[in-house]
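Throughout, a chain's letter reflects where its sequence line sits, starting with A, and its residues are numbered from 1.
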There are 2 protein chains.
Amino acid sequence: MKPKLQDVAKAAGVSPTTVSRVLNDRGYISQETREKVYQAMKQINYIPNDLARSLYNKRTHLVGVIVPSTSNPFFGELVSHIENYCNEKGYKVLLCNSLHEAEKEKKYWEMLLRNQVDGVIVVSYNRGLIDLRQQLPAIAIDHYLSKHIQVVSSDNFQGGQLATQALVDKGCQHIIHINGVSTLETPANDRRSAYQQVMRENGRTPINYEVPDVAFLADNMDTIKQLFQEHPEVDGIFASDDMLGLLVLQYARQHGYRVPEDLKIIGYDGTELIRTLHPELATIMQPIAQIAEKSVELLDLQITNKDQPLTAEVLPVSLWKGDSIR
Amino acid sequence: MKPKLQDVAKAAGVSPTTVSRVLNDRGYISQETREKVYQAMKQINYIPNDLARSLYNKRTHLVGVIVPSTSNPFFGELVSHIENYCNEKGYKVLLCNSLHEAEKEKKYWEMLLRNQVDGVIVVSYNRGLIDLRQQLPAIAIDHYLSKHIQVVSSDNFQGGQLATQALVDKGCQHIIHINGVSTLETPANDRRSAYQQVMRENGRTPINYEVPDVAFLADNMDTIKQLFQEHPEVDGIFASDDMLGLLVLQYARQHGYRVPEDLKIIGYDGTELIRTLHPELATIMQPIAQIAEKSVELLDLQITNKDQPLTAEVLPVSLWKGDSIR
DNA sequence: TGCACCATGTCAATCGGTTGACATGTTATT
DNA sequence: AATAACATGTCAACCGATTGACATGGTGCA
């Protein structure tokens with residue numbers, strides 16, 4: 001059987017209370033006893049049971065993190081940063097891949113509640129899922145979920161403006177925007193709005209393509225093909241994420257478009273991965289590490305300070321001037 | 001205060017034992033009572049406390065997953081699949097990004113033990129970290145850690161052979177291999193051994209470049225530059241992962257090498273992401289989903305059946321014939 | 001000498017749920 | 001009418017640690 005606190009006490013020749021005092025650094029303990037206890041713990045290979053501790057303390061130091069999928073490099077990087085910051089602050093991460101499925105996400109929320117997580121960081125595009133009766137500390141990344149949930153995001157509208165304006169400034173006449181499913185309330189919607197606004201401000205007609213929610217990234221190529229067939233005059237494309245942008249680049253190269261001479265392309269997200277593998281792809285960089293840091297920081301504040309005012313944090317984005325828009 | 005089982009009992013007008021019986025589906029319960037209890041739970045918004053349950057049952061349904069970092073698309077995809085399969089089997093994932101740091105990994109192991117995880121799935125290149133006195137169910141992916149820990153991997157030696165042989169078959173005369181730090185006992189070592197063997201079998205001298213462990217992917221470019229300067233005759237490169245392969249491709253294009261005419265390149269891993277964004281890059285595909293599935297399956301077996309024999313699972317890899325070796 | 005502080009122990013309650021033992025009563029079944 | 005199965009309740013122990021209340025001595029200092 002696993003050794004427990006009692007066993008440590010026995011091995012060290014002290015009372016269980018004393019062991020607990022050493023463990024939690026409370027009350028008076030002589031250096032001598034402290035060492036005796038640590039010795040005993042090492043000797044019998046004792047490992048405290050955090051379940052029992054948490055049960056009593058009503059504090060698990062667990063944080064639930066819900067994202068669509070770590071397969072997507074944006075979320076992979078985001079989660080990696082979140083986990084790092086959590087670790088720094090002593091939190092452990094329960095990972096949930098919702099795969100954009102509302103049903104799954106709902107089950108994850110319940111699971112997290114059953115597990116008594118201290119808080120949740122969620123990237124969700126399904127509003128109205130969360131039962132507001134429970135006042136669990138939570139941060140929504142990049143999307144407004146309800147007035148009880150604090151939002152951390154980058155400035156998607158600004159990003160959309162930056163991207164579109166960059167294409168306009170470079171002299172593109174026929175700029176088209178591609179984005180994901182618009183029925184989901186994703187931040188991409190703000191990017192699209194910004195695109196439309198900038199287009200109108202410049203006397204252009206916004207044209208929009210929407211890729212369906214596909215199982216395989218590669219299937220998005222169909223939509224791209226369609227775009228080029230229906231709009232051979234296109235000379236600027238703003239894709240709402242880098243993967244789409246790269247697929248466009250791929251298509252363009254295969255079909256004899258010179259980039260950036262014939263066609264300029266700008267993506268969105270600017271993960272380290274894509275920026276490294278494709279420095280030529282212009283993109284809007286989201287401050288991924290900062291989003292993660294801010295989220296963890298604010299969540300921690302919510303957890304430790306009750307009645308924290310819920311301010312919305314909007315972090316600035318920046319333009320990565322790749323060759324695809326030169 | 002959060003409602004507890006007692007409160008449900010009160011609300012439903014039954015005894016706590018009855019509620020517990022309903023919850024755990026034990027003993028005799030009439031349909032009527034069952035519904036009354038469920039009603040009460042919904043009404044007072046009751047959520048069972050899994051800490052308390054787990055404490056008594058000595059079963060948390062938690063699985064620790066340790067990987068270097070989900071920022072890397074290979075691990076991002078792997079983790080995503082692992083999490084999915086875990087979810088199917090009722091396990092929850094505690095995510096740990098070890099960042100290749102032995103010290104961090106050690107702390108994570110301890111953390112997982114404190115949290116009473118049912119088992120661990122680990123991608124670790126640091127042998128000898130785990131204290132073998134504790135017999136925790138565990139699976140090591142792609143690396144032998146100790147004789148008490150079951151290994152699931154793809155056939156790295158075969159992968160190395162396939163890759164090198166492909167380059168040889170396509171007529172490359174000067175094939176060079178690039179891989180990561182060899183002081184870490186990574187599976188890349190097997191790939192390198194296979195490369196060396198195939199080279200010798202074909203009467204060639206293996207040449208090896210090693211990229212240091214860098215903070216930024218882009219820094220690997222220095223090593224690549226060096227390789228080309230020292231070996232301008234190179235006409236075939238086997239990179240031990242796709243990101244390195246793509247950096248080589250990037251360098252080659254920038255420096256006027258025609259791929260595959262002047263230089264053939266093959267990578268390793270074959271994540272869905274890279275295969276989609278770079279179908280032209282030949283690579284060795286690891287069966288990521290299968291590795292994940294097998295790992296979860298075997299871990300579950302270890303957890304439920306004590307004294308499971310520990311067989312090593314080696315899954316086959318396959319060649320993705322991209323244009324970079326045509 | 002007396003008081004404050006240090007060091008440790010005993011004991012029981014608590015966190016929230018689970019379970020076995022046992023009692024009591026109601027329905028079916030034969 | 002006897003027996004078995006069904007339905008529910010009471011009670012206490014338990015999972016492993018934490019904590020407050022209280023007791024007992026020792027040491028240092030005013």
Peer 1: Measure CE/B:Met1 against C1'/C:dG16 and give the value in whole Å, please.
Peer 2: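 Whole-Å distance recorded here is 12 Å.
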Peer 1: Using whole Å, what does the distance between atom C1' of nucleotide D:dG9 and atom CD of B:Gln6 come to?
Peer 2: 14 Å
Peer 1: Taking 4.0 Å as the cut-off, does a side-chain nitrogen or oxygen of A:Asn49 come that near to OP1 or OP2 on D:dA17?
Peer 2: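 Checking D:dA17 against A:Asn49, no side-chain N or O comes under 4.0 Å of OP1 or OP2.
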Peer 1: If only side-chain N and O atoms of A:Asn24 are considered, is one of them under 4.0 Å from the OP1 or OP2 phosphate oxygen of D:dA17?
Peer 2: no
Peer 1: Would the distance check show the side chain of B:Glu77 and the main-chain N or O of B:Ile288 forming a donor-acceptor pair, the cut-off being under 3.5 Å?
Peer 2: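 Checked: no pair found.
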Peer 1: Looking only at the side chain of B:Thr18 (C-beta and beyond, no hydrogens), which of the listed nucleotides D:dG16, C:dC5, D:dG9 gets closest?
Peer 2: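 Looking only at side-chain atoms, B:Thr18 lies closest to D:dG9.
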Peer 1: Using only side-chain N and O atoms of B:Lys58, determine if any of them is under 4.0 Å from OP1 or OP2 of D:dG16.
Peer 2: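 B:Lys58 to D:dG16 OP1/OP2: side-chain N or O found under 4.0 Å.
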Peer 1: Rounded to whole Å, please give me the gap between CD1 in A:Ile29 and P in C:dC5.
Peer 2: 18 Å
Peer 1: From OH of A:Tyr28 over to C1' of D:dG25, roughly how many Å is that when rounded to an integer?
Peer 2: 15 Å
Peer 1: Measure the CD-CD1 distance between A:Glu83 and A:Ile121 for me, rounded to the nearest 0.5 Å.
Peer 2: 11.0 Å
Peer 1: Rounded to the nearest 0.5 Å, what separates atom CD in B:Glu105 from atom NE2 in B:His100?
Peer 2: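 Answer for the CD-NE2 pair, B:Glu105 versus B:His100, is 10.0 Å.
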Peer 1: Less than 4.0 Å between a side-chain N and a carboxylate O, is that true for A:Arg114 and A:Glu110?
Peer 2: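 Yes, charged N to carboxylate O under 4.0 Å.
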Peer 1: Measuring to OP1 and OP2 of C:dT18, would you say a side-chain N or O of B:Arg53 lies under 4.0 angstrom away?
Peer 2: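 Yes, because at least one side-chain N or O of B:Arg53 sits under 4.0 Å from OP1 or OP2 of C:dT18.
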Peer 1: Could you state the CZ-P distance from B:Arg34 to D:dA7, rounded to the nearest angstrom?
Peer 2: 9 Å
Peer 1: Which is more 5' along DNA chain D, the nucleotide nearest B:Asn57 or the one nearest B:Pro16? Just name the residue.
Peer 2: B:Pro16
Peer 1: Specify the separation, in whole Å, of atom CE of A:Met41 and atom P of D:dG16.
Peer 2: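 Going from CE in A:Met41 over to P in D:dG16 covers 17 Å.
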Peer 1: A:Ser20 near the nucleic acid: base, sugar-phosphate alone, or nothing, with a heavy-atom cut-off under 4.0 Å?
Peer 2: base
Peer 1: Touch check for A:Val19, heavy atoms < 4.0 angstrom, all strands: base, sugar-phosphate only, or nothing?
Peer 2: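 Contact class for A:Val19: none.
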Peer 1: Starting from the 5' end of DNA chain D, give me the residue, B:Ser30 or A:Leu51, whose nearest nucleotide shows up first.
Peer 2: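 Here B:Ser30 is the residue nearer the 5' end.
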Peer 1: Once you round it to whole Å, what is the distance between P of D:dA12 and OH of B:Tyr56?
Peer 2: 16 Å
Peer 1: Quick one: which of C:dG17, D:dT10, D:dT19 gets closest to the side chain of B:Ser15?
Peer 2: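 Selected nucleotide: D:dT10.
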Peer 1: Just to confirm, is there a sub-4.0 Å distance from OP1 or OP2 of D:dG16 to any side-chain nitrogen or oxygen of A:Tyr46?
Peer 2: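 For D:dG16, OP1/OP2 do not have a side-chain N/O of A:Tyr46 under 4.0 Å.
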Peer 1: Distances for protein N/O vs nucleotides 21-30 of chain C N/O pairs under 3.5 angstrom?
Peer 2:
none

Peer 1: Would you indicate which nucleotide in D:dA17, D:dG20, D:dT18 comes nearest to any side-chain atom of A:Lys4?
Peer 2: D:dA17
Peer 1: Less than 4.5 Å apart, any side-chain heavy atom of B:Val152 and any of B:Leu298?
Peer 2: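 Of all side-chain heavy-atom pairs linking B:Leu298 with B:Val152, at least one is under 4.5 Å.
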Peer 1: Whole Å only: how far is the CZ atom of A:Arg26 from the P atom of C:dA7?
Peer 2: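 Result: 15 Å.
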Peer 1: Is it true that B:Asp50 and B:Arg59 have a side-chain N and a carboxylate O under 4.0 angstrom from each other?
Peer 2: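 Looking at B:Arg59 together with B:Asp50, the answer is no, because their closest N to O distance does not fall below 4.0 Å.
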Peer 1: Describe the nucleic acid contact of B:Asp50 in one word from base, sugar-phosphate, nothing, applying a heavy-atom distance below 4.0 Å.
Peer 2: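 Counting heavy atoms under 4.0 Å across all strands, no contact is made by B:Asp50.
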Peer 1: Compare all side-chain heavy atoms of B:Val123 with those of B:Pro68 and state whether any distance is below 4.5 angstrom.
Peer 2: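 SC-SC contact between B:Val123 and B:Pro68 confirmed.
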Peer 1: Any carboxylate oxygen within less than 4.0 angstrom of a Lys/Arg side-chain nitrogen, looking at A:Asp118 and A:Lys92?
Peer 2: no
